[in-house]
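Heads up, the thing below is written out as structure tokens.
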There are 2 protein chains.
Amino acid sequence: MSGEKKQGGRPVDAAAGRSLKLAALQLVRERGYAKVSIAAIASAAGVARQTLYNRWNTKADLVLDAVFEETGRFSTIPPADTGETCAAQLEAFLVEVFDHLAVDGDPLRALIAAAQEDTAFRTAFRERFVLPREQIVTDLLRRAQARGELGKTRDPEMLSAFVHGAFWYRLLNGQPVDAALARAITAEVFAR
Amino acid sequence: MSGEKKQGGRPVDAAAGRSLKLAALQLVRERGYAKVSIAAIASAAGVARQTLYNRWNTKADLVLDAVFEETGRFSTIPPADTGETCAAQLEAFLVEVFDHLAVDGDPLRALIAAAQEDTAFRTAFRERFVLPREQIVTDLLRRAQARGELGKTRDPEMLSAFVHGAFWYRLLNGQPVDAALARAITAEVFAR
DNA sequence: ACAGTTAATAGACTGCAGTCTATAAATCAA
DNA sequence: TTGATTTATAGACTGCAGTCTATTAACTGT
């Protein structure tokens, strides 16, 4: 697979890729995902349109790289298993995620939309973005169950879908996704 | 507001609207939302493209009418408050909704996506489709709480968001939305 | 130096969404 | 009947996504 080595030919211009991601990041943040055309990104990066298509299939693929992978944000790091309760850890994790959404909520909504119209992107988005974050919460809830913070009859995977589903539902419906929501979700998950 | 009466002019051709909705319904079901162009719908309905734009702003608005309002399906009717437990009523409601999704899941995903790219449609979609269905579940959970099937510390509104969120999350991630999910969701909501 | 190879570029081209204009058709009021 | 009004229609036009082609640039091995 990756054994394919190139033995000649013009080398890929790494700077072009970087310029494109940077331009995409800036333009999307300042104008909003929908109002940024592919031509505008290429132009801002000072690169031919086809060069962009050589690297990414769609605007969504580029923005996933530019906004959600490149910037190391949007917390992929599991919260440290400190002395705090798992409930507190869940709330802290959600607050962190929601803080990032205050900045990049628009592109995230756009990517979820794009994933509905493009099967290939849906798979990539799910594997690179959705699943890792789902796993963090599932693991946290399993720990809570092991510690006895969560009843033994509860299903951590279903609960994790509840948590992520609730915030997607809010986000996609244009309702606030903030610290109050983080608190309410956490309270409900651990309610008895 | 609605006092505006027309005192002359060519009357609206109601048949054109019906043809358009019918054509949209058929084409979307057989080809999938994304593969149906507005021109194709107008053409199939035997109507000028502008006539479609006279009635709906976007394909999404038309399909919302054609697929989710016209067909009286997708259960807007609250389940009768029979002798059954609220848990059983919730599961039955979800099974009914998910059955419809087996037929019209594709356009629903597409409409959720469209709502992310079009503020006006998001509002319309939310008011005409999302909120009524959310209300049904919220009411059902309140009844459950009144009956003692659900603990007094639980929050029916948050739980309703959990329920809808979980199934949106599954739907939007391309995972199965079936009777097994209806059962799992219900079990988790009423778990203690 | 030269042939082979791959990337970058400019530009043409198609298809669709959405807007706009001119014209024809259907109605009401006088 | 005439004029005003509104809808329906056909067609032109713009802007963007996505594809394709021809040309030029940068590198490797001989």
Side-chain angles (χ1 to χ4, degrees), chain A residues 2-21 23-24 27-28 31-64 110-111 113-121, chain B residues 2-21 23-24 27-28 31-64 66 107 110-111 113-121:
Chain A
S2 58
E4 289 291 338
K5 261 276 173 74
K6 80 173 163 200
Q7 77 209 17
R10 177 171 173 168
V12 172
D13 182 1
R18 268 181 274 118
S19 300
L20 284 166
K21 283 192 272 191
L27 289 177
V28 164
R31 295 187 202 169
Y33 183 94
K35 295 200 170 178
V36 178
S37 71
I38 287 192
I41 296 173
S43 165
V47 152
R49 217 156 40 96
Q50 183 60 43
T51 301
L52 191 158
Y53 283 112
N54 284 346
R55 291 168 169 73
W56 297 279
N57 290 323
T58 65
K59 188 168 64 165
D61 287 286
L62 167 55
V63 170
L64 177 59
L111 292 191
Q116 307 312 310
E117 294 149 1
D118 177 349
T119 313
F121 179 69
Chain B
S2 58
E4 289 290 336
K5 262 273 174 76
K6 80 173 168 202
Q7 78 211 14
R10 177 170 172 167
V12 171
D13 182 0
R18 269 181 274 118
S19 300
L20 284 165
K21 282 192 272 189
L27 288 178
V28 164
R31 292 186 204 171
Y33 183 93
K35 295 200 170 178
V36 178
S37 71
I38 287 193
I41 296 173
S43 166
V47 152
R49 217 156 41 95
Q50 183 59 44
T51 302
L52 190 158
Y53 283 112
N54 285 345
R55 291 168 168 73
W56 296 279
N57 290 323
T58 66
K59 188 168 65 165
D61 287 284
L62 167 54
V63 170
L64 177 58
L111 292 191
Q116 305 313 309
E117 294 149 2
D118 177 349
T119 312
F121 178 69

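First the proteins, then the strands, lettered A, B, ... as listed; each starts at 1. We use all heavy atoms of the structure for the numbers below, so side chains are in, but hydrogens, waters and symmetry mates are not.
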### Query
Bend across the helix from C:dA1-D:dT30 to C:dA30-D:dT1, to 10°, with axes taken over 5 pairs at each end?
0°
#### Entry: Sequence neighbours excluded - side chain to side chain donor-acceptor pair (under 3.5 Å) pairs with any residue from residues 31-48 of chain B
none
Determine all donor-acceptor pairs shorter than 3.5 Å in which one atom belongs to a side chain in residues 44-54 of chain A; sequence neighbours excluded.
unit_1, atom_1, unit_2, atom_2, d
A:Q50, NE2, A:N54, OD1, 3.2

### Query
Which nucleotide in the set D:dA17, C:dA17, C:dT27 lies at the smallest distance from any side-chain heavy atom of B:P11?
C:dT27
### Query
If you measure from CD1 on B:I41 to NZ on B:K21, what distance do you get to the nearest 0.5 Å?
13.0 Å
### Query
Could you state the interatomic distance from CZ (A:R55) to CG (A:D61), rounded to the nearest 0.5 Å?
14.0 Å
Whole Å only: how far is the [atom1] atom of [X] from the [atom2] atom of [N]?
X	N	atom1	atom2	result
A:K35	D:dC16	NZ	C1'	15 Å
B:I38	C:dA17	CD1	P	5 Å
A:D13	D:dC27	CG	C1'	13 Å
B:R10	D:dT7	CZ	P	10 Å

### Query
How would you list, by chain and number, every residue that makes a side-chain hydrogen bond (donor to acceptor under 3.5 Å, both in side chains) with B:N57, sequence neighbours excluded?
none
### Task
Go through the structure and list residues passing side-chain hydrogen bond (donor to acceptor under 3.5 Å, both in side chains) with B:D118, not counting sequence neighbours.
none
### Query
Do B:V63 and B:W56 come within less than 4.5 Å of each other through their side chains, counting heavy atoms only?
no
### Query
If you take all heavy atoms of A:A40 and A:L27, which pair is closest and at what distance?
O-CD1, 3.8 Å
#### Entry: Residues from residues 40-62 of chain B lying under 4.0 Å of DNA chain C - heavy atoms
B:R49, B:Q50, B:Y53
